[in-house]
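In what follows, every heavy atom counts, from backbone to side chain, and hydrogens, waters and symmetry copies are set aside. Residue numbering restarts at 1 for every chain, and letters A, B, ... go by the order of the sequence lines.
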There are 2 protein chains.
Amino acid sequence: MPNFSFGSTQGRAQPVVVEQARFHSMCDACESREASVCAALDEHDLHRLAAAAVVIEADPGRTFITEGDAADNFYNLTRGTVKLYKLLPDGRRQITGFAHRGDFLGLAVSRNYAFSAEAIDRVRYCRFSRRGLRTLLDDFPVMEKRLLDVASNELVAAQEQMLLLGRKTAKERLASFLLAQEMRKTPCVHSDQPLSLSMTRGDIADYLGLTIETVSRTFTRLKNDGLIAIFHTDHIVILDRDGLIRLADGYTLDH
Amino acid sequence: MPNFSFGSTQGRAQPVVVEQARFHSMCDACESREASVCAALDEHDLHRLAAAAVVIEADPGRTFITEGDAADNFYNLTRGTVKLYKLLPDGRRQITGFAHRGDFLGLAVSRNYAFSAEAIDRVRYCRFSRRGLRTLLDDFPVMEKRLLDVASNELVAAQEQMLLLGRKTAKERLASFLLAQEMRKTPCVHSDQPLSLSMTRGDIADYLGLTIETVSRTFTRLKNDGLIAIFHTDHIVILDRDGLIRLADGYTLDH
DNA sequence: CGAGCAATTGAGACAAGTCAAAGCTGGTGG
DNA sequence: CCACCAGCTTTGACTTGTCTCAATTGCTCG
């Protein structure tokens, strides 16, 4: 599911500008074109789109959008995984989502980003100026439709996450998370391949509204219940998908 | 802030169709036109919009959108307040938001509503068919832009709510809620008028991811702290706005 | 005036948090 | 090649904020 969010290109050291994406061929051969909003454009329109973009790479841990900063740019992720989060003054953190190849970041009506974005692994993205986006959307209404669809899906996902954060138990949260991860990796197809998690226990905890310790203990409980198997902490095999689904959907009254 | 959400026109007894909104004057004189997406349209376009709408009234407690039902219609609320929620099989409920005059409901990419909607007080809304919306948006790109803006704002609000549900204490949640309610009622202006809450303690609890008892106790604690005064359970006066803001923003380490 | 519902308050239980210690893993350099 | 360090994860013991259960109060309306 594409991500659509809000969140300055600043950090300890600047991310690396890889290329000016001013050639038609740039977007034409983009590794994530089908996955992104750019899929809505035909060859000719891609040319104009490319003229407005700068391709940038960022190392793991790099924060390239900071909550509260002026929302001057928006981003289209073409490679890697990014975590989006909000902070409270005392350091409490809530990860509001993970963005992947094809996802759109930084769209905001307000003058400032409402969240921060940090690369989890090595990341590549296209950067557009806010003004650039506006004229682009005016010229290509089809992209606007696409953005609306993406935003609608994001809203559905956000509501689901509110249900999780407000009403589900730790076990239910982790079950929901694992199923969502698997669904994202291989939609529909149920492979027996282990699911590899790119995020740490801390990230999972901050995404599910739990602590690291509770996430760890809950992994162990799911393992002991025979629902999953764990290899090397970040490779998970789902042993009982139906059981996990029942758990995630809140059917369990027993523990 | 306008609401933009997802959630069949069904319930125990059907809501009352008040009028076919087929006359130009209908939307022209609409009590919530400025507040809604319709504000984007000029006189001429309003004519076409009205042709597609049915005006309906519903009593308090009426559920007019049910999660999981086919998403055949979408709605524009013109009067009253609506709660939007998701349920787990055992009855646990999460209210994902409250919709007010001017808010848009039911926009969904998926075939089914992702949430239910229930009238809190007497409600009036315009109902459009899904197909109607599609052709409308095709004809009036300006409305699509408007919807995108609304959806963007909703997403920002949803992220804020995730922070609240995942990381804030009961006191912080209620403080955030009260400030948001006041902000919605009188944006910017800080009146000394008591804030009147249209929802029950149960609704507030299900919105904040708490129980009725905790909400009640937390109201009492805020009162004892001198932050608010409570009249008649549903009329609140904010006595110390700055204190409440600090609390809501998570600055408090003491209690 | 009593039925019914919402809200409050109290007492005790429990799920998840906190604090602390130890295990595991991967990288680095002697 | 191995020892050591640093960071992540797991596990244990204990605490606590919120939930659950239950009783009481207060309000509204017939």
To the nearest angstrom, how far is B/Ile120 atom CD1 from C/dA6 atom P?
13 Å
Could you give the CD1-to-P distance, from B/Ile230 to D/dC27, as a whole number of Å?
14 Å
Once you round it to whole Å, what is the distance between C1' of D/dG12 and CD1 of A/Ile212?
17 Å
What is the distance, to the nearest angstrom, from the CZ atom on B/Arg92 to the C1' atom on D/dC19?
13 Å
Establish, for the pair B/Arg127 and B/Tyr75, whether the NZ or CZ atom is under 6.0 angstrom from the six-membered ring centre and no further than 45 degrees off its axis.
no
Expressed as a whole number of angstroms, how long is the span from B/Asp234:CG to C/dT8:P?
10 Å
Does the pair A/Glu172/A/Arg246 count as a salt bridge with the N-to-O cut at 4.0 Å?
no
Below 4.0 angstrom from OP1 or OP2 of C/dT9, is there any side-chain N or O of B/Thr220?
yes
Write down the distance between CZ (B/Phe231) and P (D/dG26), rounded to a whole number of angstrom.
18 Å
Nearest to the side chain of B/Arg221, heavy atoms from C-beta on, is which of C/dT8, D/dT18, D/dC19?
D/dT18
Among D/dT20, C/dA16, C/dA7, the nucleotide that comes nearest once only the side chain of B/Arg201 is considered
C/dA7
Which atoms of nucleotides 21-24 of chain D (N or O only) lie under 3.5 Å from a protein N or O atom, and what are those distances?
residue: D/dC21; atom: N4; partner: B/Glu213; partner atom: OE2; Å: 3.0

Given atom CG of B/Asp206 and atom C1' of D/dC19, what is their separation to the nearest angstrom?
13 Å
Indicate whether OP1 or OP2 belonging to C/dA16 is found under 4.0 Å from a side-chain N or O atom of A/Thr214.
no
Does the pair A/Asp206 and B/Arg167 meet the rule for a salt bridge (Lys or Arg N to Asp or Glu O under 4.0 Å), with working shown?
CA-CA 8 Å; A/Asp206 285 345; B/Arg167 290 299 180 218; 2.7 Å; yes
Is the closest side-chain heavy-atom distance between B/Ser176 and B/Leu164 below 4.5 Å?
yes
Side-chain N or O of B/His232 less than 4.0 angstrom from OP1 or OP2 on D/dT28?
yes
Looking just at side-chain N and O atoms, do B/Thr214 and B/Thr211 make a donor-acceptor pair shorter than 3.5 Å?
yes
How far apart are the closest heavy atoms of B/Lys185 and B/Ser196, and which atoms are they?
NZ-N, 3.7 Å
Base, sugar-phosphate alone, or nothing: which one does B/Thr233 contact when heavy atoms must sit under 4.0 Å apart?
sugar-phosphate
Rounded to the nearest Å, what distance is computed from the CG atom of residue A/Leu208 to the P atom of nucleotide C/dA16?
12 Å
So, does A/Gln94 use its side chain to make a donor-acceptor pair with the main chain of A/Tyr207 at under 3.5 Å?
yes
